[in-house]
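In what follows, a single structure is set out as C-alpha cells and then discussed.
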Number of protein chains: 2
Amino acid sequence: MSQTPDSAVRTYIDQHRTAFLDDLAEWLRIPSVSAQPHHALDVRRSADWLAGKLKETGFPTAEVWQTPGAPAVYAEWPSDDPAAPTVLVYGHHDVQPAAREDGWDSEPFEPVVRDNRLYARGAADDKGQIFFHTLGVRAHLAATGRSVPAVHLKLLIEGEEESGSPHFRALVEEHAGRLAADAVIVSDTGMWSEDTPTVCTGMRGLAECEIRLYGPDQDIHSGSFGGAVPNPATAVARLVAALHDEQGRVAVPGFYDGVVELTDRERELFAELPFDEQRWLRTAKSHAAQGEAGYTTLERVWARPTAEVNGIGGGYQGAGSKTVIPASAMVKLSFRLVAGQDLDHIERIVRAWAADRLPAGIRHEIAFSPGTRPCLTPLDHPALQSVARAMGRAFGTTVRFTREGGSGPAADLQDVLGAPVLFLGISVPSDGWHAPNEKVELDLLLKGAETGAYLWGDLAANWRHAR
Amino acid sequence: MSQTPDSAVRTYIDQHRTAFLDDLAEWLRIPSVSAQPHHALDVRRSADWLAGKLKETGFPTAEVWQTPGAPAVYAEWPSDDPAAPTVLVYGHHDVQPAAREDGWDSEPFEPVVRDNRLYARGAADDKGQIFFHTLGVRAHLAATGRSVPAVHLKLLIEGEEESGSPHFRALVEEHAGRLAADAVIVSDTGMWSEDTPTVCTGMRGLAECEIRLYGPDQDIHSGSFGGAVPNPATAVARLVAALHDEQGRVAVPGFYDGVVELTDRERELFAELPFDEQRWLRTAKSHAAQGEAGYTTLERVWARPTAEVNGIGGGYQGAGSKTVIPASAMVKLSFRLVAGQDLDHIERIVRAWAADRLPAGIRHEIAFSPGTRPCLTPLDHPALQSVARAMGRAFGTTVRFTREGGSGPAADLQDVLGAPVLFLGISVPSDGWHAPNEKVELDLLLKGAETGAYLWGDLAANWRHAR
C-alpha cells in the first residue's frame, strides 16, 4: 500500500518541525498525571494548554469539557464540503506517574532529545501522538491550498485514560450529538516496528468478574473434618481448572457464540509479519508460549477470546502452615472478547456455568464489573483502506495490519456513536509506555503528522460515496 | 465391655472428690498459655506445681524437664513387680489463650462449678484429664491395698502442645531410655458423648507442603499477553483440581500404597455409634457431607487419608480488578495419613506428581514441613482391651471404639519408643476445647479417675503374658 508522497506536505513539515517540537515540549512539561490528586491542577492546565494550541492551529471551536473527574478537550473544524465525512480523533492528554528515581536518565517532565528521540513522560503515550495531528492538518491545508480540512474534523482528548476512563462513556453519551462521526480515529496505539508500519484493525473487549465461594461458616480444623466436607479452596480450583478444555479453548458453554472468526486473508497478513517468538516471549517476560490449539501466538493475543485468572485466594497464605479448611475462597477472572461476543451474554453464561459446577454445600456470589466491548473494522472497510494508504505514502513502504490484545475506551465511541474505529499510531514497542525513559522516535512522530496530512484528503476522496 | 465396678474404688473417689477438685482448681488458676510469651513464667509455675503435686500423690520421682521452649514434667512410680508392664501417660499442662471478653461467662482462669460442670481454660484440655490420673492411681492403691502401682507408671506432661510441640520429639529422643514403655496412654482426647463412652484407637498423621509456581518474571498485562502464555494461577488451580478423582479419592499415584484398610469389624463398630449427620454438619459448620466414595463420614474423617487445600493464592486479591497474568501463585496442601502410609514416600510421590503435571514455562518449588506419623492400635491389642474393660467398669456400659481425625505428638512417642499408643480421654464434644467457656463434666472427670484405678490392675493382670 505504498503510495507516492507529496513533496509539499514534506516541505511544510520540515519547515515547521522545530516550532512543532518546541510546542510539544512545552506541553510535555505539564505533569498531567490523572492518577495523582496533587497533579489535578496540572491535568487542568494541560487541558487548557491543548485547547489554546488547537485554536492557534486553526480549529474554530476548542473547548474544555468538565467531567466529575479530569477535564477533556473537544475541538472541531468543519469542512467547506457538507457532504464530506466526519472524523473524530480520540486520544488522551493525561499521563502515567513518573519520577526520576524510578530509573529515568533525565527528568521525566523535562523533555530532552537524544539520538533523534524525544524523551519525556507522555512523549508517546499519548501527547506526541495527539500533537502530530496539529502539524498534520496544517500540512494538509498548506499542500492542498485549502482553508479548512477536506473532512469535518473533530477531536476528543480525554483526561482520565490512565485512570481507567471512569467518566468517559458518560461524557460521550452526554455529548453524543456533537460527537457524531462517520469514523473514529484512535491515536493512542502503536505499530509493529520502525521498519514495519502497521494499522491496527481492532481491540479485544473485556468482561471481568469476581467469584466468591463460601464453605464452612468459619475456618474449620482439617484434621477433624478433612475429607468429609467440601472445601471452597478446592472448589474454586476446580472451577478454574474447568475454564479451559484440553485444547486450550474456553469451556464455558456458549462462550464462542457469535465470535467473528479470523479470515484467511487476515491470517495470511498476520503470518507475513516478522514475528520472532523468542523475542516476543522476552517482551512477555514469559518462558513458554501456550494457548488455544490451532492458532498462532499473534492470533491468540489479537483475535481470540480468552479466560484468564487475575487473582485467586483462599485460606491461609502466610508463613508456615495452618491446618484449616477455609471458610471461603475467591477468584478474579477476566475474559478478553472479540467482535461478535456480547457482554450480557458472557455474563449470563459465566453465571450459569459457575452455578452448575459448584458442589452441594458451597454457596457462591459472582460480581461483574462494567465491561468493555470489543471493536473490529473489517480489512476491506474504505476508511481503513484510507488510513493504510495515507500511512503507506508517509512511510514509503507496505503497510501491514495488526490487532491489539488489550481493551480500551475506543469501544465506547464505536458503541455510542455507531461509527467504525480506526487506529492511527506511530509508537513502537521500545517507546516504553508506562515505564521509565518513555520516548518517541522523532522520525516516526513526523511520519505520523505526514500520515494525517494525507489521510483527510484520502478519506474525503474515497469514502464520501461509500456512505 | 461392661464389667463390675469396685465399691472400694468408688468409695475412695467419693471421699477424696472435694480435695481433688480443690487441687485441680488451684492448678487451673495458673494461666499456663504457651503461645503467649508474657505467660512464660506461668507455664513454668504450672510445671513446678504439677511436679510438686505428683510427689504429694506418691510418685517417688517427679522432675521438671527443660526444653528450648516451655518445660515438661516427668514422673515415675515403679511397681514392685519387675515383670509388670511399663505404661507412659502422656498429656500437656499448657493451655490455649483465653480472655473474659472472648465470650466467657466467667473468668477463664477463675474456675467455677455450675450445674456439675467445672468451667475454666484447661478444665478438659488438658489439665483435668491429666489430673484425674492422680486420683485414679491413689484409688487403685487404696482399693488393692498396694503401696505402689501394679504397673510401672510413668508420666510425661509437656508444656508446648498448644504451640505445636516444637521441641517434643527432640525431648522424647533425648530421654528415650527413661521414657521406655510397653504402652503409651494418651489422655488428651475425648469420647463420643456422655452416654457413649469410647476408646480412640488411632490418629491420622499429617504431611504438609507449600507449592509455589512461577510464570512470567513479573505480573504482565492480561490484554497484551492473555491467552498465549501459561498463567501460574491457572496452573495451581489445575494442580489442585487434579488432587482428587471423580470418586473423591486422592489421585496422586501411589498415595494409597500401604494403607491399612478398615476391618469389617471396625466398620461395624463405627456404624453402631449413634451418629447424626445433620448434627455432625452443624459441628463442622458445614453445609454438605462430601468425600471418598464408598465410605461413611466417620470413616472418612477417622480412617481414610485425605488431601486438603489449606490455602491458595496468587495475583491480585484486593478490591476491584487488575488485568494481570500473575508472576506467581501458591498452594498449601495437607495430607492426613493413616497407618501404613510413610511420610517420606508421600513427600516423594507428591513431588513427582506436581513436577509431572506442570506445563512448560511454569517453574515450581515445593517445601515440606516436618510431618506427623499416623498411629493405630488394632482392636484386639491386649492393652487396648484393658483400657476398654477399665472404662466399661467405670461407666457401667458398653464401651465403643472411635478414631481421631487430627494428628498429634502421640505419634512421636509411638515412633521413638516403639510402643503402641492407647487413648484414655473422658472429654465430650460440648466441652469447648480452644473456645470460650471450656468446661469438664465433673461426673465424667471422676469416671476418668475410676477408669485409671481399674486400668493399672487390669493391664498388669492381662498383659504381662502377652509380651
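Computed over heavy atoms, backbone and side chain alike; hydrogens, waters and symmetry mates excluded. Protein chains get the first letters and strands the later ones, always in sequence-line order, with residue 1 at the start of each. Here the structure is a predicted model, which is why all the values come from computation and not from measurement.
Under a 3.5 Å cut-off, the side chain of K285(A) and the backbone N or O of G215(B) do not form any donor-acceptor pair. Remark: side-chain polar atoms of K332(A) are paired, donor with acceptor, to backbone N or O of G320(B) under 3.5 angstrom.
In this structure, chain A has a heavy atom under 4.5 Å from the side chain of R204(B), while its backbone stays farther away. Interface residue L281(B): only side-chain heavy atoms are found under 4.5 Å from chain A. Both the backbone and the side chain of A284(B) come within less than 4.5 Å of a heavy atom in chain A. Neither the backbone nor the side chain of T296(B) comes within less than 4.5 Å of any heavy atom of chain A. Heavy atoms closer than 4.5 Å to chain A are found in the side chain of L206(B), but not in its backbone. Only the side chain of T306(A) comes within contact range of chain B, judged by heavy atoms closer than 4.5 Å.
With contacts defined as side-chain heavy-atom distances shorter than 4.5 Å, the pair L243(A)/T234(B) does not qualify. Side-chain atoms of M330(A) and Q317(B), non-hydrogen and from C-beta on, do get closer than 4.5 Å to each other. Proximity of V301(B) to S224(A): side-chain heavy atoms (C-beta onward) are nowhere separated by under 4.5 Å. Between T323(B) and R336(A) there is a side-chain heavy-atom pair separated by less than 4.5 Å.
Note that CZ of R282(B) and CG of D217(A) are 12.0 Å apart. Values are rounded to the nearest 0.5 Å. Taken to the nearest 0.5 Å, the CD1 atom of I220(B) stands 8.5 Å off from the CD atom of E308(A). Rounding to the nearest 0.5 Å gives a distance of 15.0 Å between CZ of F225(B) and CZ of R300(A).
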Margin query: Set out, in order, the CA-CA distance, both residues' side-chain angles and the distance that settles side-chain contact (heavy atoms from CB on, under 4.5 Å) for H287(B) and V229(A), then state yes or no.
Written below: CA-CA 8 Å; H287(B) 304 281; V229(A) 296; over 6 Å; no
Note to self: For K322(B) and N310(A): C-alpha separation, side-chain torsions, deciding distance, then whether side-chain contact (heavy atoms from CB on, under 4.5 Å) applies.
What the structure shows: CA-CA 7 Å; K322(B) 194 172 176 188; N310(A) 305 123; 5.8 Å; no
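By number of non-hydrogen pairs under 4.5 angstrom with chain B, the leading residue of S369(A), C209(A), P232(A), S222(A) is S222(A). The most heavy-atom pairs under 4.5 Å with chain B, out of V250(A), D219(A), I312(A), come from I312(A).
When only modelled atom types and interatomic distance are considered, S321(B) and E208(A) share a side-chain donor-acceptor pair under 3.5 Å.
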